[in-house]
Protein chains: 2
Amino acid sequence: MKDQVDGILQQWKQIKPELDCSSMGVVGRLRRVDNQWKQQLDTVFKKQEMSSIEFDILATLRRSQIPLTPTELYKTLMLSSGAMSTRIEMLVKRGLIERVYSEQDRRSCKVMLTDQGITIIDLALHAHLENMDNLLKPLNNDEKNQLAALLKKLLLAQQ
Amino acid sequence: MKDQVDGILQQWKQIKPELDCSSMGVVGRLRRVDNQWKQQLDTVFKKQEMSSIEFDILATLRRSQIPLTPTELYKTLMLSSGAMSTRIEMLVKRGLIERVYSEQDRRSCKVMLTDQGITIIDLALHAHLENMDNLLKPLNNDEKNQLAALLKKLLLAQQ
DNA sequence: TATTGTTATACTCTATAACTATA
DNA sequence: TATAGTTATAGAGTATAACAATA
C-alpha cells in the first residue's frame, strides 16, 4: 500500500535518480504525522477553550504539584518571558491560576493552580489522553512500544 | 537511560496512579522530535533565504516537472488561496518563479520555475537531504526502515 | 451563478527590548 | 549591576471575505 510520501519519493527518483532521498521517507512521514496529530489535539483543546500552550502550562503546574515561577515555566516550555507573561495573565483572568508573591524575594512570584484550574486541567487531561489513545489506534501494543523506543533514541541523541 | 518524557510520565504516575498515560509516551515523544527537527530544518532553509513553505512550493513545482496552478498548489500544500497568492508573489518578486497566463481560461495561470528558481531549489534540496541525513544519524538502517513503516501505517490509517 | 486568483482586513502569536522594582 | 516579571512594539504568518475578471 502506498501513501502520499511514496508518491513524492517516486517523483524525485524520476527527476533526480542519482539522489538518495530515503531520509525524506522518514522525516517527511514524521512531520506529516505530527501535523495531523497537532490538528486533532488542538481540536480537543479548543473544546476546553484553551490553546495547546495553555494546556501545557496548566499540566506542568498540575504534575509538579508545587507552584512554579514564571521563569521556571518559560524555560521549561521554551517560550520567551514576554510570551509567558501574556499567557499567565490570560489564565489569571479566567480564574484558572493565581500569582502568589514571594516574601523572600519581592521581585518574584509563584504561579499556582486555583481549585477551578485543577478541575479544568483534570478534565482536559482525560480528554487529551482519550484523544491520544485514538491517534494510536492503528498500532498494536508492540508497535507503540517500538515507536516510543525509536523516538526516545532520537531524543536522547540530540540532548 | 531516561529522557524528559520519562520524567513527565513518572510525575503523572505519582499524582494520577489510576491513569494510563502510555499514549503520552508515544505522542509526546513524536511531537518533541518533530519540534527539534523543525527547528534544524528551518535553520537550513533560512540559509537559502527561504521559509519551509517556500521550499515546499519550489520543491512541488520541481518534482512535478510541469507548471501548476495556484489552486493546485494551495490544495496540495493545504494553505488558503490568499496565503498562497502572497507566497507566490514573494517568489515572483525574487525571480524564482513566473506566472504563465492560460489561453483557454483567462482567469487562470500556471506557476513555473525560472532557471534561477531551478538552480536555487536544486541547491536547497541537496542541503535539505544532507540535513535530514544528519537528523537520522542516531538510527541505523534497520531502525530507519522500522520508523518509516510505523509512520506509514499511521498515515494510511488516517486517510 | 460559479470559479480563479488577488487584495484588504483583522487576528493570533511571538520575540525583542524597554521598563519597574528589587536584590 | 544583575535579575524577575510585565508591558509595549513590531513582525511574521495566516484565514476570511470582498473583489475583479472570466467561465
Side-chain angles (χ1 to χ4, degrees), chain A residues 31 34-35 38-39 41-43 45-58 60-61 64 66-94 97-112, chain B residues 31 34-36 38-39 41-43 45-58 60-61 66-94 97-112:
Chain A
R31 303 229 54 206
D34 180 81
N35 213 41
K38 182 171 138 60
Q39 287 177 35
L41 296 173
D42 281 345
T43 302
F45 291 143
K46 250 179 211 157
K47 278 185 196 156
Q48 335 268 332
E49 289 175 342
M50 60 176 79
S51 67
S52 75
I53 292 275
E54 287 169 337
F55 175 88
D56 284 341
I57 294 172
L58 298 176
T60 301
L61 291 168
S64 299
I66 51 168
L68 301 172
T69 64
T71 302
E72 288 167 332
L73 282 170
Y74 79 69
K75 284 184 178 166
T76 302
L77 300 177
M78 296 197 290
L79 275 185
S80 67
S81 60
M84 183 55 70
S85 272
T86 308
R87 288 300 110 200
I88 287 173
E89 190 51 32
M90 298 281 281
L91 292 169
V92 168
K93 276 186 185 149
R94 286 166 56 194
I97 59 176
E98 57 190 359
R99 295 188 185 85
V100 182
Y101 294 91
S102 168
E103 300 282 320
Q104 292 86 18
D105 182 344
R106 290 174 53 200
R107 293 169 304 180
S108 183
C109 67
K110 301 251 186 196
V111 177
M112 199 178 96
Chain B
R31 304 227 56 203
D34 180 81
N35 213 40
Q36 289 187 0
K38 182 171 140 61
Q39 286 178 35
L41 295 173
D42 281 346
T43 303
F45 292 143
K46 250 179 211 157
K47 279 186 195 156
Q48 334 268 331
E49 288 176 343
M50 59 177 79
S51 67
S52 75
I53 292 275
E54 287 169 338
F55 176 88
D56 284 341
I57 294 172
L58 298 176
T60 301
L61 291 168
I66 52 167
L68 300 171
T69 65
T71 303
E72 289 168 331
L73 282 170
Y74 80 68
K75 285 183 178 167
T76 303
L77 300 177
M78 295 196 291
L79 275 186
S80 67
S81 60
M84 183 55 72
S85 272
T86 308
R87 290 298 111 199
I88 287 173
E89 191 52 33
M90 298 282 280
L91 292 168
V92 167
K93 276 187 184 148
R94 287 166 56 193
I97 59 177
E98 58 190 0
R99 293 189 187 85
V100 182
Y101 293 92
S102 167
E103 300 282 320
Q104 294 86 17
D105 183 342
R106 291 174 54 200
R107 291 170 305 181
S108 182
C109 67
K110 302 252 186 194
V111 177
M112 199 180 95

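To find a chain, count down the sequence lines: A is the first, B the second, and so on, and within it residues start at 1.
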**Asked** NA contact type, B:Leu79, heavy-atom cut-off 4.0 Å: base, sugar-phosphate, or nothing?
**Response** sugar-phosphate

**Asked** Just checking B:Thr86: base, sugar-phosphate only, or nothing, at a heavy-atom cut-off of under 4.0 Å?
**Response** nothing

**Asked** Does A:Met84 reach the side chain of A:Ile57, with side-chain heavy atoms less than 4.5 Å apart?
**Response** yes

**A:Ser85 side-chain N/O to D:dT6 phosphate OP1/OP2 under 4.0 Å** = yes

**Asked** Counting just side-chain N and O atoms, does A:Arg106 come under 4.0 Å of either OP1 or OP2 of D:dA4?
**Response** no

**Message:** Enumerate the salt bridge (Lys or Arg N to Asp or Glu O under 4.0 Å) contacts for residues 67-79 of chain A, please, sequence neighbours excluded, ordered by first and then second residue.
**Reply:** none

**Message:** I need the CE-C1' distance between B:Met84 and D:dT16, as an integer number of Å.
**Reply:** 17 Å

**Message:** Checking the side chain of B:Ser102 only, and the main-chain atoms of B:Gln104 only, is there a donor and an acceptor separated by less than 3.5 Å?
**Reply:** yes

**Request:** Indicate whether OP1 or OP2 belonging to C:dT6 is found under 4.0 Å from a side-chain N or O atom of B:Arg99.
**Result:** yes

**Complete:** Taken to the nearest whole Å, CG/B:Leu68 to P/C:dT4 is 15 Å

**Prompt:** What nucleic acid atoms does B:Glu54 come within less than 4.0 Å of, heavy atoms only: base, sugar-phosphate, or nothing?
**Reply:** nothing

**Prompt:** Does A:Ser108 make a side-chain N or O approach to OP1 or OP2 of D:dA4 shorter than 4.0 Å?
**Reply:** no

**Message:** Expressed as a whole number of angstroms, how long is the span from A:Ile57:CD1 to C:dT14:C1'?
**Reply:** 13 Å

**Message:** Looking at B:Arg107, I'd like to know whether one of its side-chain N or O atoms comes within less than 4.0 Å of OP1 or OP2 on D:dA21.
**Reply:** no

**Asked** Across the strands shown, which category fits B:Ile53 at heavy-atom distances under 4.0 angstrom: base, sugar-phosphate, nothing?
**Response** sugar-phosphate

**Request:** Please confirm whether the backbone N or O of A:Ser51 pairs with a side-chain atom of A:Glu54, one donor and one acceptor, at under 3.5 Å?
**Result:** yes

**Message:** Just to be sure I understand the rule, does A:Glu72 reach a base, reach only the sugar-phosphate, or reach nothing, if contact means heavy atoms closer than 4.0 Å?
**Reply:** nothing

**Complete:** From CZ of A:Phe45 across to P of C:dT12 the rounded distance in Å is 19 Å

**Message:** Working note: A:Glu89 + A:Arg94, criterion salt bridge (charged side-chain N to carboxylate O under 4.0 Å, His left out); need CA distance, chi angles, decisive distance, verdict.
**Reply:** CA-CA 9 Å; A:Glu89 190 51 32; A:Arg94 286 166 56 194; over 6 Å; no

